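These notes concern the structure reproduced below.
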Amino acid sequence: ESIADVYASDESSGVSPEVQARWNGLISGFTKLYGHRPDFVSRSPGRVNIIGEHIDYSLYDVLPTAVSVDVLIAVKVVPSDGEPFVKISNVNPEKFPTREFSVPRTTDIEIDPKKHEWVNYFKSGIRGALKFLRERYPDPSFAPASIEVLLDGNVPPGGGISSSAAFVCSSALAVLKANNHNVSKQDLLDLAVVSERAVGVYSGGMDQAASIFSARGYLLYTQFFPNFAVQHVPIPKAEHEITFLVAQSFVTSNKADTAPRRYNLRVAECTLAAVVLAKLNDVTLPKDNSSLGYSLRNFHNEFMRKEGRLGDPLEYQVDSVIQAAMEQLTQEEGYTREEIAKLLEITVPELEAQFLSSFPVQAERFLLRQRALHCFKEARRVLDFKACLSKTNTLDEHHILYLGQLLNESQESCRTLYECSCPEVDDICAIARRAGTWGSRLTGAGWGGCTVHMLPQTKVDAVIKALKEEYYYKKFPDISDEKMAHAMVISKPSNGSFMITG
Ligand code: ATP
Ligand code: GLA
Ligand code: MG
């Protein structure tokens, strides 16, 4: 692929001067640093999630798409007789210092999730890629290639548009290429999803799917259950062109550091909700491929199987699991470990060994009711959103308002039931709605990060003006022009991962 294939905003136009300059800077920076040109550059983009928040790890469908910011990794394979090694630098070395480390020939590279370091994300990519090669092509004489690397990422880190997945997907792609393997998208996805967890965040597969499979101009309807599948969904026409605006809160939530109280705790709560609901309804869950092995979608399936309703429309099925969660998970105040163990008829140490030992969590009470209700209701909203998009080629005012309402309800649920919003994000959404968006919500993991807004093209200027005046200048009076320029962007659904050689 050429850079024009990746970045041109439509089939006919070329690459913008900014893109060309960044590209040239990466190649000349590499050449200056290592004394020769790179062999190739791998690239993977960030993503914005339109709807379906915090339900990918419960294996429900989500609707993200790639954005145009990305992680570029320039690589040269270098000869080495001894231990294979990696030399890695960042175009921003003050913030992300240069590192050098060796790569074991036959075992997984060590990653310490307790020590949060930018190179952990590259190591995740190496780990996934080499594990894949060893398993797929067993060869006792295989030695990983030694490489020199320069990375340039312009996805805001911790900003809710998944710099981490862009980084890990691009790293894995680079390491596979350096070891002479042209990987398929599906294989890259499978290994990238699992390998990113090595940094200590038990994320689902949405970010990697969007980073790898997106196509310019389409949203990516992504299914995880029973198997992974994607569908490229066009954004329909409407009287006023539908636009997605992405606005940063500039509240950074580092997921790896806060995982025990935030992200990973939610993963644990959803898993516990699934096994408790299964127990209460007397259904046995087979293991699934969610990170802890038992997902709410899996419970849903077995519950429907028991009732003989697997042939029902999915919407009706989801309504029934919402009902079950409402009636059966009654404790608004949450459940202690003792209470959950009692419901499952196991001991507390057994509970901890089975469900709470993969990663540390810090919680006295697990809010099973709220988390399950968010998940099931959000899953229903995704189905409704997709159905509405697919209904006609042209959306009328009524449809558009309905889509906006689903986005607003998603935000409300993230705020109240899932507790993954924050005051700044709530503020941005309220300001944007007053200025004319159809729907506004957080996107990504939340607790800060990013927001996404659906609005008519004609309202873009008014919304940007309102957010500047009522949020950015108010909260950050000294905000630089450069930072402001990155605060809000019109998101154009863009292409997924690419390898650029020559
Ligand atoms: P979210 O997962 O909410 O969408 P995110 O992926 O941007 O947001 P994290 O999952 O916390 O946030 O990952 C951010 C981490 O990724 C950073 O702390 C840093 O270690 C690494 N990272 C991202 N971009 C770069 C970059 N350009 N250079 C070096 N490290 C980066
Ligand atoms: C992060 C994770 C994703 C997903 C979102 C929330 O971005 O990496 O897998 O769970 O949070 O929807
Ligand atoms: Mg991330």
Side-chain angles (χ1 to χ4, degrees), residues 22 26 44-64 67 69-73 88-99 111 113 115-125 149-171 192-193 196-197 199-211 222 224 246 248-249 251-259 262-264 266-267 270 290-291 374-375 378-379 382 410 413-414 418 420-421 425 441-452:
R22 176 165 170 245
L26 178 68
S44 229
R47 61 98 191 90
V48 55
N49 187 20
I50 304 302
I51 193 163
E53 216 61 83
H54 281 280
I55 62 173
D56 59 342
Y57 48 86
S58 292
L59 304 187
Y60 275 105
D61 308 351
V62 295
L63 191 64
V67 288
V69 284
D70 56 19
V71 171
L72 297 177
I73 302 186
I88 179 166
S89 284
N90 197 296
V91 293
N92 183 353
E94 291 80 42
K95 193 161 171 208
F96 304 111
T98 296
R99 293 279 182 259
I111 299 169
K115 235 177 83 197
H116 185 78
E117 254 240 288
W118 77 281
V119 281
N120 283 1
Y121 293 83
F122 193 78
K123 289 181 178 170
S124 293
V149 179
L150 181 63
L151 182 142
D152 181 354
N154 64 0
V155 191
I161 48 177
S162 203
S163 64
S164 60
F167 193 162
V168 174
C169 292
S170 184
S171 304
V193 170
E196 189 175 332
R197 293 185 189 142
V199 303
V201 181
Y202 276 65
S203 43
M206 165 172 75
D207 306 349
Q208 296 80 357
S211 191
T222 310
F224 301 98
V246 174
Q248 291 288 333
S249 69
V251 176
T252 305
S253 172
N254 183 312
K255 282 215 301 302
D257 287 341
T258 60
R262 290 181 169 172
Y263 194 91
N264 286 353
R266 294 295 181 275
V267 176
C270 287
S290 64
S291 53
H374 165 78
C375 181
E378 183 78 355
V382 173
S410 168
S413 181
C414 284
Y418 219 69
C420 62
S421 188
V425 163
R441 54 181 296 275
L442 68 83
T443 183
W447 293 289
C450 220
T451 58
V452 62

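Remember, it's 1-based here, ligands and their atoms both numbered in the order they're listed. The structure presented is a predicted model; accordingly, all values stated were derived computationally and were not measured.
When heavy-atom distances to ligand 1 are checked against a 4.0 Å cut-off, Ile161 comes that close only through its backbone atoms N, CA, C and O. At a heavy-atom cutoff of 4.0 Å, ligand 1 is contacted by the side chain of Asn90 but not by its backbone. Contacts of His116 with ligand 1, taken as heavy-atom pairs under 4.0 Å, involve the side chain alone. For Trp118, heavy-atom contacts with ligand 1 shorter than 4.0 Å involve the backbone as well as the side chain.
Of the protein's non-hydrogen atoms, the one nearest atom 8 (O) of ligand 2 is Asp207 OD2, 2.6 Å. The protein heavy atom nearest to atom 20 (O) of ligand 1 is Tyr121 CE1, 3.3 Å. The shortest contact between atom 22 (N) of ligand 1 and any protein heavy atom is with Phe167 CD1, 3.7 Å. Ranking the protein heavy atoms by distance from atom 10 (O) of ligand 2 puts Tyr263 OH, 2.5 Å first. In this structure, the protein non-hydrogen atom closest to atom 23 (C) of ligand 1 is Ser163 OG, 3.1 Å. From the protein, the heavy atom lying nearest to atom 17 (C) of ligand 1 is Pro157 CB, 4.0 Å. Closest to atom 5 (C) of ligand 2 among all protein heavy atoms lies Met206 CE, 3.7 Å. When hydrogens are left out, the protein atom nearest atom 2 (O) of ligand 1 is Lys255 NZ, 2.2 Å; that is the closest non-hydrogen contact. Looking only at protein heavy atoms, the nearest one to atom 13 (O) of ligand 1 is Ser164 CB, 3.4 Å.
Taking a 4.0 Å cut-off on heavy atoms, Gly159 registers as neighbouring ligand 1. In this structure, Pro156 has a heavy atom closer than 4.0 Å to ligand 1. In this structure, Gly444 counts as a contact residue of ligand 2, since one of its heavy atoms falls inside 4.0 Å of the ligand. Residue-ligand proximity: Arg47 is placed with a non-hydrogen atom under 4.0 Å from ligand 2. Residue Arg47 places a heavy atom under 4.0 Å from ligand 1. Distances from ligand 1 to the non-hydrogen atoms of Gly160 include at least one value under 4.0 Å.
Side chain of Ser249 to main chain of Gly449: a donor-acceptor pair is present (N/O by atom type, distance under 3.5 Å, no hydrogens or angles). When atom types are taken as modelled, the side chain of Asp152 and the backbone of Leu72 share no donor-acceptor pair closer than 3.5 angstrom.
Looking only at side-chain heavy atoms (C-beta outward), Trp447 and Thr258 stay at 4.5 Å or farther from each other. Proximity of Lys95 to Pro157: side-chain heavy atoms (C-beta onward) are separated by under 4.5 Å at one or more points. Val62 places none of its side-chain heavy atoms less than 4.5 Å from the side chain of Val382. Contact check for Ser171 versus Tyr121: no side-chain heavy atoms found under the 4.5 Å cut-off. Using a 4.5 Å heavy-atom threshold, the side chains of Lys123 and Ile88 count as separate.
Here is the list of ligand 2 atoms found below 4.0 Å of a heavy atom in Glu53: 6 (C), 12 (O). Of all atoms in ligand 2, listed by their number and element, those nearer than 4.0 Å to a heavy atom of Tyr57 are 10 (O). Within ligand 1, the atoms closer than 4.0 Å to a non-hydrogen atom of Gly153 are 27 (N), numbered from 1 in the order shown. Less than 4.0 angstrom separates some heavy atom of Ala445 from each of these atoms of ligand 1: 3 (O). In the vicinity of Leu151, heavy-atom distances shorter than 4.0 Å reach the ligand 1 atoms 26 (C), 27 (N), 28 (N). Below 4.0 Å from some heavy atom of Gly204 lie the following atoms of ligand 2, by number and element: 9 (O).
Taking each heavy atom of Asp56 and Tyr263 in turn, the nearest pair found is OD1-OH, 4.3 Å. The heavy-atom pair separating Val193 from Gly205 by the smallest distance is CG2-CA, 3.8 Å. In terms of heavy-atom proximity, Ala166 sits nearest to Pro45 at CB-O, 3.5 Å.
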Between Leu151 and Phe167, is the side-chain contact (heavy atoms from CB on, under 4.5 Å) condition met? List the steps.
CA-CA 9 Å; Leu151 182 142; Phe167 193 162; 3.1 Å; yes
Distance-only donor-acceptor hits, side chain of residues 46-55, under 3.5 Å, sequence neighbours excluded:
from, atom 1, to, atom 2, distance (Å)
Arg47, NE, Asp207, OD1, 2.8
Arg47, NH1, Gly160, O, 2.9
Arg47, NH2, Asp207, OD1, 3.1
Asn49, ND2, Gly52, O, 2.9
Asn49, ND2, Glu53, OE1, 3.4
Asn49, ND2, Glu53, OE2, 3.0
Glu53, OE1, Arg441, NH1, 3.4
Glu53, OE1, Arg441, NH2, 2.6
Glu53, OE1, Gly444, N, 3.2
Glu53, OE2, Gly444, N, 3.3
His54, ND1, Tyr57, OH, 2.8
His54, NE2, Ala445, O, 2.7

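Around the Mg ion (ligand 3), the protein contributes the following N, O or S atoms under 2.8 Å, ordered by chain and number: Ser164 OG.
The heavy atom nearest to atom 9 (O) of ligand 2, out of those in Asp56, Ile161, Val267, is found in Asp56. The closest heavy-atom contact to atom 4 (O) of ligand 1, among the options Ala165, Ser162, Ser253, Gly46, comes from Ser162.
With rounding to the nearest 0.5 Å, the separation of CZ in Arg262 from CG in Asp257 is 10.5 Å.
When each of Ser164, Ser162, Ser124 is tested with Glu196 by the rule side chain to side chain donor-acceptor pair (under 3.5 Å), just one qualifies, namely Ser164. The residue from Thr222, Ile161, Thr443, Val452 that alone fulfils the side chain to side chain contact (heavy atoms under 4.5 Å, CB included) condition with Pro64 is Thr222.
Side-chain polar atoms of Ser170 and Ser44 form no donor-acceptor pair below 3.5 angstrom.
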